[in-house]
Engineer: 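Here you go, one structure.
No hydrogens, no waters, no symmetry mates; every other heavy atom, side chains included, goes into these values. Please read all numbers here as calculations on a predicted model, not as lab measurements. In what follows, every chain begins at residue 1, and chains take the letters A, B, ... in the order their sequences are listed.
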Amino acid sequence: MVTIRLHNSRTRAKEVFAPIDPQNVRVYVCGPTVYDRAHLGNARPVVVFDTLFRLLRHVYGAGHVTYVRNFTDVDDKINATALARQQAGAAGTLEALIAERTEETIRWYHEDMDALGALRPTHEPRATGYIAEMIAMIAGLIAGGHAYSRDGHVLFRVRSFKDYGRLSGRSVDDMIAGARVEVAPFKEDPMDFVLWKPSDDSLPGWESPWGRGRPGWHIECSAMSLALLGASFDIHGGGIDLQFPHHENEVAQSCCAHPEAEFARVWMHNEMLQVEGKKMSKSLGNFFTVRDLLGQGVPGEVIRFVFLGTHYGRPMDWTAEKAAQAERTLDWLYSTVGDVPLQEEWTPNEKVVQALADNLNTSLAITELIEQAKSVLPKGHPSADGSDEVGALELKRTAALLGLLQSTETEWKATKLGGVDLAPYAARLGALREAAMASKDFAPVDAMKAALVAAGVEVRMSKAGVELLPGPGFDAAKLEGLV
RNA sequence: GGCGGGUUGGCGGAGAGGUUACGCAGCGGAUUGCAAAUCCGUGAAGACCGGUUCGAUUCCGGUACCCGCCUCCA
C-alpha cells in the first residue's frame, strides 16, 4: 500500500493519511456558485482535487472513493442576474429565470471542467436539493444553544464554539479589533454569522420555522457533507480564500451540530491563481474564463498541465509563455505515446506515484513523467522488439494518474487543428522544395516555410519528406492563400 | 491593524543538512539546402544580516521586499 502524506491546514503539518474507512474514502470539495462562467481561478481547485481523486482511486480502488463537490444554486448573485433578465424583458417567473440561469451555468461548468480532463465527482449535490436538511441542522443548533433567531434571521453564536478561529488561525477578539465586521443590530456578537435570512416576495424562499426565507452561505456545505458523507469524513478541500470565513463557519456549524463526530479530518487548501504576476480581477482587465481560453485555441489539457506544474500549496502564475511551453511539452509527450490505448492493467511509474503521494507534488510528478518518457523511448523512434509500445502503454497509464495524455496523438493534433488538414500544405511545400533542390533557388520554399511558421505550424523537413505539425498559437486563418 | 504564505540559476519550478533536480532558453558539436526536430556535450542559483553545525540554499532569529485572507471572487 502506498503511503500518502498530506499537508493538513488544520494542524499545519504534513501527516500520513489514514482513512476512516479504506473501503470508502470520503472527500468533500467546495464547488462553484452557479451564476456565471467559471473563471480560470475557479478551475484550479477542480484540477488539484481531481488529481487527488485520481490518486486515491489508484491507491484504494476506483470504487472505494466518494468525492462530493457541490453546486451553490442559492445566491444573491444568481437572483440579481435573473432579476436583470426579467427587467430586460425576459419571459417567465423569477423562479423560472433563476432555474434557467443555474441550469445553463451548470452545463457550462461541466463542459469547461470536462475539457480540463477532470473526472465528474461521485456526487454533485445542489443546495436547493438540501433545504430541508439545512433547516433541520439549524433547528438542532438552536436547540443546542449554538444559534438564535432574531427578526426572521437565524444566527450562529460564535462564542458557543470554543474552537472558533482555530482552522484559520484567528481569534474572535482579534477579528473584532480589526473592525472589519458587519455590525448588525440583531447580532449578539459582531462575529455571529447568518444561518437563515428572510426573503421578501421578490426573492426565492422556503418556508421554515423562522418564516419564509433562504439559507446563509455556509450551512449548505455542512448539510450536504453530512447527508452524503456522514458526520465524520476524511478530506475537505477548497481554495485558501475560503478558509475564512466559509470553512471556519462550516467547522463551527458541523461540530456543534454533531459534537460526537470530528467532521473533516484533513483540510486541504489550494493557493490562489495569478495572471502574469498579478491578481486576476476585472478592474485590472486580466479577468478571463476557462471558456475564453478554450475559445482562443488553448487546449484544456494545456491549462491542466500548466496548473499541475506548480504545487497546489503555492500561488500559481498563469502566463501565455507557460501555456506555450506546456503545449510544446505535450506535443512531445504525445509523440512518444502515439495512439496506444489506455490500459488500466498497466502499473503506473512508481516515482510518479510517490511524488503524488507526497502531498500531491504534481510538479515533481511531471518531472518524473518526463524522465520516464525519455527512458522508455530514448530515441523517439520505433524499436524492432516492440519495447517502445510497452513503454508507451506504461507512460500512458502513468499519465492517467495526472489526468494527462488521455487522448491519442491523432486526437490531440486534431483538437489543435480544429478541422484543418495540413496535408495539402505539406504537399505544396514538398513540391517547392524538390524544385528548389534542382534550381538551387530556395527563396520560394523559405517564403512558404516562414508563412507556415507565422501561422503557428511547426515545419519539419528531412530527407524522407516534409512534415507539418500544429504548434502553440496555431492559427488556421493565417494559412489563407498558401496552397 | 490582525493572521498566513513567499523570495532558488536568463525564465519556469522541485527535492534534500553534505552528493547532477528537471523543463525551456543559452553556448559548443553532429545532422540539415537553411532551419526545425533529434542526438552528444556544457556554463549558470537559492533576497539580505546574524546564529546553530565539521558543514546550510535546506534548521533558528532578525531585516527588506512581494502576495493572499480578514469585504458571501476558488
Engineer: Shortest non-hydrogen contact from A223(A) to M134(A)?
Structural biologist: CB-CG, 3.6 Å
Engineer: State whether the side chain of N286(A) and the backbone N or O of K279(A) hold a donor-acceptor pair below 3.5 Å, judged by distance alone.
Structural biologist: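 Side chain of N286(A) to backbone of K279(A): a pair is present.
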Engineer: Mind checking if S168(A) touches a base, just sugar-phosphate, or nothing, with heavy atoms under 4.0 Å?
Structural biologist: sugar-phosphate
Engineer: Which nucleotide, rC72(B), rG13(B), rA74(B), lies nearest any side-chain atom of M272(A)?
Structural biologist: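 The closest nucleotide is rA74(B).
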Engineer: Ignoring hydrogens and angles, are the base of rC67(B) and the side chain of K279(A) linked by a donor-acceptor pair under 3.5 Å?
Structural biologist: no
Engineer: Whether the side chain of T398(A) engages the backbone of P348(A) through a donor-acceptor N/O pair (distance < 3.5 Å, no angle test) should be reported.
Structural biologist: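 The answer is no, because no donor-acceptor pair under 3.5 Å joins these two groups.
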Engineer: Give me the distance, rounded to whole Å, that separates rU8(B) from rG13(B) when you measure between the C1' atoms they each carry.
Structural biologist: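 That atom pair is separated by 9 Å.
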Engineer: Considering only atom P, compute the distance from rU57(B) to rU7(B) and round it to an integer number of Å.
Structural biologist: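 Between the two P atoms, the distance is 15 Å.
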Engineer: Is the W196(A) to H153(A) ring centre distance short of 6.0 Å?
Structural biologist: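 No, they do not, as the ring centres are separated by 6.0 Å or more.
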Engineer: Would you say rG13(B) has OP1 or OP2 under 4.0 Å from some side-chain N or O of T310(A)?
Structural biologist: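 Indeed, a polar side-chain atom of T310(A) lies that close.
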Engineer: Using atom CD of Q274(A) as one end and atom P of rG5(B) as the other, report the distance to the nearest whole Å.
Structural biologist: 17 Å
Engineer: Rounded to the nearest Å, what distance is computed from the CG atom of residue L273(A) to the P atom of nucleotide rC69(B)?
Structural biologist: 12 Å
Engineer: Are any side-chain N or O atoms of E248(A) and backbone N or O atoms of G165(A), one a donor and one an acceptor, separated by less than 3.5 Å?
Structural biologist: yes
Engineer: Between rU20(B) and rG61(B), how far apart are the two C1' atoms, rounded to whole Å?
Structural biologist: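 After rounding to an integer number of Å, I get 33 Å for this pair.
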Engineer: Polar atoms only, N or O, under 3.5 Å: list the protein pairs with nucleotides 29-32 of chain B and their distances.
Structural biologist:
| from | atom 1 | to | atom 2 | distance (Å) |
| --- | --- | --- | --- | --- |
| rU32(B) | OP1 | K463(A) | NZ | 3.1 |

Engineer: Considering heavy-atom distances to RNA chain B, does R12(A) or K77(A) have its closest nucleotide positioned more toward the 5' end?
Structural biologist: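 The 5'-side residue here is R12(A).
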Engineer: Could you please name the option among rC34(B), rC73(B), rG13(B) that lies closest to any side-chain atom of K449(A)?
Structural biologist: rC34(B)
Engineer: Checking S168(A) against R170(A): is there a side-chain donor and acceptor pair closer than 3.5 Å?
Structural biologist: yes
Engineer: When rounded to the nearest Å, what value does the distance between C1' atoms of rA37(B) and rA30(B) take?
Structural biologist: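 Their C1' atoms lie roughly 14 Å apart.
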Engineer: Do Q253(A) and H146(A) have a side chain donor and acceptor closer than 3.5 Å?
Structural biologist: no
Engineer: Kindly indicate whether the side chain of V154(A), heavy atoms from C-beta on, has any atom under 4.5 Å from the side chain of Y148(A).
Structural biologist: no
Engineer: Identify, with sequence neighbours excluded, every residue that meets ring-ring contact (aromatic ring centres under 6.0 Å, His included) alongside F71(A).
Structural biologist: Y109(A), H110(A)
Engineer: Whole angstrom is fine here: how far is it from CG in N270(A) over to P in rC73(B)?
Structural biologist: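 Going from CG in N270(A) over to P in rC73(B) covers 15 Å.
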Engineer: Using a cut-off of under 3.5 Å, enumerate the N/O to N/O pairs linking the protein to nucleotides 16-18 of chain B.
Structural biologist:
none

Engineer: Less than 4.5 Å apart, side chain to side chain, heavy atoms only: is that true for W206(A) and V74(A)?
Structural biologist: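 Yes. Closest side-chain heavy atoms under 4.5 Å.
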Engineer: Should the side chain of H311(A) and the base of rA14(B) be counted as holding a donor-acceptor pair, with the cut-off at 3.5 Å?
Structural biologist: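 Per atom types, no contact qualifies.
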Engineer: Who passes side chain to side chain donor-acceptor pair (under 3.5 Å) against E220(A), sequence neighbours left out?
Structural biologist: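 By the side chain to side chain donor-acceptor pair (under 3.5 Å) rule, E220(A) matches N70(A), T72(A).
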Engineer: Report the residues that fulfil side chain to side chain donor-acceptor pair (under 3.5 Å) with T367(A), sequence neighbours left out, ordered by chain and then residue number.
Structural biologist: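 Partners of T367(A) under the side chain to side chain donor-acceptor pair (under 3.5 Å) test: none.
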Engineer: I'd like the C1' distance from rA45(B) over to rC11(B), given in whole Å.
Structural biologist: 13 Å
Engineer: Could you list the protein-to-nucleotides 24-28 of chain B atom pairs, N/O on both sides, closer than 3.5 Å?
Structural biologist:
| from | atom 1 | to | atom 2 | distance (Å) |
| --- | --- | --- | --- | --- |
| rC24(B) | O2' | Q325(A) | NE2 | 3.4 |

Engineer: Rounded to whole angstrom units, what separation is found between the CD atom of E271(A) and the P atom of rA14(B)?
Structural biologist: 12 Å
Engineer: For R44(A), answer base if it contacts any base atom (sugar-phosphate contacts may also be present), sugar-phosphate if it contacts only those atoms, and nothing otherwise; contact means non-hydrogen atoms under 4.0 Å.
Structural biologist: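 Result for R44(A) = nothing.
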Engineer: With respect to the side chain of R314(A), which nucleotide from rU7(B), rA36(B), rA74(B) is positioned closest?
Structural biologist: rU7(B)
Engineer: Looking at rG13(B), I'd like to know if its phosphate oxygens (OP1 or OP2) sit under 4.0 Å from a side-chain N or O belonging to K322(A).
Structural biologist: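 Answer is yes, contact under 4.0 Å.
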Engineer: In whole Å, measure the gap between the C1' atoms of rC24(B) and rG9(B) for me.
Structural biologist: 13 Å
Engineer: Enumerate all atom pairs, one protein N or O and one N or O from nucleotides 56-58 of chain B, separated by less than 3.5 Å.
Structural biologist:
none

Engineer: Do the side chains of V34(A) and W108(A) get nearer than 4.5 Å, heavy atoms only?
Structural biologist: no
Engineer: Can you tell me, in whole Å, how much space there is between the C1' of rC65(B) and that of rG18(B)?
Structural biologist: 31 Å
Engineer: What is the distance from CZ of R460(A) to P of rA37(B), rounded to the nearest Å?
Structural biologist: 8 Å
Engineer: Output every pair passing salt bridge (charged side-chain N to carboxylate O under 4.0 Å, His left out) with a member in residues 316-327 of chain A, not counting sequence neighbours, ordered by first then second residue.
Structural biologist: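 Pairs touching residues 316-327 of chain A that pass the test: E327(A)-K416(A).
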Engineer: Using Watson-Crick and G-U wobble pairs with both distances under 3.5 Å, what is the 5'-to-3' dot-bracket string of RNA chain B, with [ ] for crossing pairs and | for pairs outside the strand?
Structural biologist: (((((((..(((.....[...))).(((((.......)))))....(((((..]....))))))))))))....
Engineer: Using the P atom as the reference point in each nucleotide, state the distance between rU63(B) and rA21(B) in Å, no decimals.
Structural biologist: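 Nearest-Å result for rU63(B) against rA21(B) at atom P: 32 Å.
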Engineer: Assess the side chains of E301(A) and Y334(A): does a donor N or O sit below 3.5 Å from an acceptor N or O?
Structural biologist: yes
Engineer: Looking across every strand, which nucleic acid part, if any, lies under 4.0 Å from G41(A) by heavy atom: base, sugar-phosphate, or nothing?
Structural biologist: base
Engineer: Which of these nucleotides, rC72(B), rA36(B), rC69(B), is closest to any side-chain atom of W217(A)?
Structural biologist: rC72(B)
Engineer: Considering only residues two or more places apart or on different chains, which pairs with a residue in residues 422-439 of chain A satisfy side-chain hydrogen bond (donor to acceptor under 3.5 Å, both in side chains)?
Structural biologist: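 For residues 422-439 of chain A, and leaving out neighbouring residues, there are no side-chain hydrogen bond (donor to acceptor under 3.5 Å, both in side chains) pairs at all.
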Engineer: May I have the distance from F307(A) (atom CZ) to rG13(B) (atom P), rounded to whole angstrom?
Structural biologist: 13 Å
Engineer: Donor-acceptor pair, D475(A) side chain versus A455(A) backbone, under 3.5 Å?
Structural biologist: no
Engineer: What is the separation between atom CZ on F442(A) and atom C1' on rG33(B), rounded to the nearest whole Å?
Structural biologist: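 Value for this atom pair: 3 Å.
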Engineer: Among residues at least two apart in sequence or on other chains, which ones pass ring-ring contact (aromatic ring centres under 6.0 Å, His included) with H39(A)?
Structural biologist: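 H39(A) satisfies ring-ring contact (aromatic ring centres under 6.0 Å, His included) with F287(A) once adjacent residues are dropped.
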Engineer: Does rG43(B) sit syn or anti, given that only angles within 90° of 0 count as syn?
Structural biologist: anti
Engineer: Classify V194(A) by what it touches in the nucleic acid, base, sugar-phosphate, or nothing, heavy-atom distance under 4.0 Å.
Structural biologist: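 V194(A): no heavy atom of the nucleic acid under 4.0 Å.
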Engineer: Touch check for Q243(A), heavy atoms < 4.0 angstrom, all strands: base, sugar-phosphate only, or nothing?
Structural biologist: nothing
Engineer: Would you kindly give the CG-to-C1' distance between D331(A) and rU38(B), to the nearest whole Å?
Structural biologist: 15 Å
Engineer: Please enumerate all residues that pass side chain to side chain donor-acceptor pair (under 3.5 Å) together with S462(A), with sequence neighbours excluded.
Structural biologist: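 For S462(A) there are no side chain to side chain donor-acceptor pair (under 3.5 Å) partners, ignoring immediate neighbours.
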